[in-house]
Amino acid sequence: MNSSLNAMADSLVILDFETTGLSPTQGDRAIEIGAVRIVNGQITDRFQELMNPGRRISGFIEDYTGISNDMLTDAAPCHEVMARFADFIGQDNLVAHNASFDKRFLDAELALINRDYPGDFTCSLLLARRLYQQAPNHKLGGLISYKNIASDGAFHRALFDAEMTVKLWLVMLDDINADYGISKVPFSLIKKVTKTPKKSVNDLLSNWSPL
DNA sequence: TGCCAGGCCCTCTTTAGGGCCTT
């Protein structure tokens with residue numbers, strides 16, 4: 001991990017995978033990656049590609065994502081897409097909703113092509129669970145509704161979910177600023193919040209100082 | 001054909017179990 005390299009840039013890549021299933025250790029593969037780069041809170045770049053996992057996907061995944069086997073037939077293979085995505089990530093830190101899931105697939109797919117990334121990963125789900133403890137649930141779609149964030153597309157496509165995660169992320173940073181007066185929330189502080197027990201988060205943010 | 005995972009987090013906990021999230 002090398003988050004210190006990125007501290008000055010305040011550049012993040014927020015990403016989302018669609019996959020053949022839940023576990024790369026059980027043979028599941030990525031079928032789509034969507035990602036958005038934000039620099040100082042502004043979207044500066046996007047990445048979206050389908051990828052061919054080399055096998056047919058299940059009817060459940062076709063229904064869940066709207067990605068069909070026909071759509072994947074002409075897609076580039078995973079190793080080509082993931083190489084381009086590794087280039088896209090660059091030195092940036094990474095965010096995903098339920099990051100443990102996306103990190104498993106990112107690590108597994110990059111390991112297959114002997115690539116890696118230097119940045120650190122954090123999770124919008126863990127942050128939301130701490131900031132919005134009264135929310136009815138902490139699914140991405142549920143949080144979008146809870147915060148009255150506009151959405152006019154289909155969840156469970158990679159770029160759309162990444163875009164929604166960006167909107168949620170920026171709202172969470174705004175709420176931290178509004179509630180605790182922290183105008184530029186360092187990535188390192190977010191990491192600390194996501195590892196802090198829920199009952200202690202208010203104290204952590206209330207007492208935090210950049211110095 | 002049928003089935004599959006794993007990290008987080010709460011509690012009726014810690015020698016455990018189960019719900020929440022992700023596809």
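Chain letters run A, B, ... following the sequence lines, proteins first and then strands; every chain starts at 1. Below, each value reflects all heavy atoms present in this structure, side chains not excepted, and no hydrogens, waters or symmetry copies. Quantities reported herein were computed from a predicted structural model and do not represent experimental measurements.
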Counting only side-chain heavy atoms from C-beta out, which of [options] sits nearest to [X]?
{"X": "A/Asn98", "options": "B/dG7, B/dT23, B/dT22", "result": "B/dT22"}
{"X": "A/Leu140", "options": "B/dT23, B/dT22, B/dA5", "result": "B/dT22"}
{"X": "A/Arg104", "options": "B/dG6, B/dC21, B/dC4", "result": "B/dG6"}
{"X": "A/Leu126", "options": "B/dC9, B/dG7, B/dT22", "result": "B/dC9"}

For atom [atom1] of [X] and atom [atom2] of [N], their distance in whole Å:
{"X": "A/Arg129", "N": "B/dG19", "atom1": "CZ", "atom2": "P", "result": "14 Å"}
{"X": "A/Leu106", "N": "B/dT23", "atom1": "CG", "atom2": "P", "result": "15 Å"}
{"X": "A/His97", "N": "B/dT23", "atom1": "NE2", "atom2": "P", "result": "9 Å"}
{"X": "A/Lys103", "N": "B/dC21", "atom1": "NZ", "atom2": "C1'", "result": "17 Å"}
{"X": "A/Phe105", "N": "B/dT23", "atom1": "CZ", "atom2": "P", "result": "10 Å"}
{"X": "A/Arg157", "N": "B/dT23", "atom1": "CZ", "atom2": "P", "result": "13 Å"}
{"X": "A/Leu125", "N": "B/dC10", "atom1": "CG", "atom2": "P", "result": "12 Å"}
{"X": "A/Leu22", "N": "B/dC3", "atom1": "CG", "atom2": "P", "result": "15 Å"}

For atom [atom1], what is the distance between [N] and [M], given to the nearest Å?
{"N": "B/dC3", "M": "B/dG7", "atom1": "P", "answer": "24 Å"}
{"N": "B/dT1", "M": "B/dG17", "atom1": "C1'", "answer": "30 Å"}
{"N": "B/dG2", "M": "B/dC20", "atom1": "C1'", "answer": "25 Å"}
{"N": "B/dT13", "M": "B/dC8", "atom1": "C1'", "answer": "15 Å"}
{"N": "B/dC12", "M": "B/dG19", "atom1": "P", "answer": "14 Å"}
{"N": "B/dT11", "M": "B/dT23", "atom1": "P", "answer": "26 Å"}

message: Check this for me, if you would: do A/Lys191 and A/Asp120 make a salt bridge, where the nitrogen-to-carboxylate-oxygen distance has to be below 4.0 angstrom?
response: yes

query: With the threshold set at 4.0 Å, does a side-chain nitrogen-carboxylate oxygen contact exist between A/Glu109 and A/Arg29?
result: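 Judged by the 4.0 Å cut-off on N to carboxylate O distance, A/Glu109 and A/Arg29 do form a salt bridge.
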
Counting the atoms with a prime plus P, OP1 and OP2 as sugar-phosphate, which does [X] contact under 4.0 Å by heavy atoms, base, sugar-phosphate, or nothing?
{"X": "A/Asp63", "answer": "nothing"}
{"X": "A/Glu18", "answer": "sugar-phosphate"}
{"X": "A/Ile31", "answer": "nothing"}
{"X": "A/Asp16", "answer": "sugar-phosphate"}
{"X": "A/Thr20", "answer": "nothing"}
{"X": "A/Arg29", "answer": "nothing"}
{"X": "A/Asn137", "answer": "sugar-phosphate"}

query: Between atom CD1 of A/Ile190 and atom CG of A/Asn93, what is the distance when rounded to the nearest 0.5 Å?
result: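 The distance works out to 11.5 Å.
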
message: On DNA chain B, compare the nucleotides closest to A/Lys198 and A/Ile61; which residue's is nearer the 5' end?
response: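 It is A/Lys198 whose nearest nucleotide is closer to the 5' end.
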
message: Please compare A/Lys195 and A/Phe17 by the position of their nearest nucleotide in DNA chain B and report the one closer to 5'.
response: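 Here A/Lys195 is the residue nearer the 5' end.
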
field: Short side-chain N/O contact from A/Ser100 to OP1 or OP2 of B/dT22, under 4.0 Å
entry: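 For B/dT22, neither OP1 nor OP2 has a side-chain N or O of A/Ser100 closer than 4.0 Å.
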
message: Would you say A/His138 places a side-chain N or O within less than 4.0 Å of OP1 or OP2 belonging to B/dC21?
response: yes

- prompt: So, A/Ser183 and A/Asn177: side-chain donor and acceptor under 3.5 Å apart, yes or no?
  reply: no

- prompt: Are A/Thr65 and A/Glu32 close enough that some pair of their side-chain heavy atoms sits under 4.5 Å apart?
  reply: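 They are not in contact (no side-chain heavy atoms under 4.5 Å apart), so the answer is no.
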
field: Pi-cation contact, A/Phe47 with A/Arg84 (under 6.0 Å, within 45°)
entry: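 No, A/Arg84 and A/Phe47 do not form such a contact.
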
message: Using 30° and 60° as the class boundaries, would you call the ring planes of A/Phe105 and A/Phe17 parallel, tilted or perpendicular?
response: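 A/Phe105 vs A/Phe17 ring planes: tilted.
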
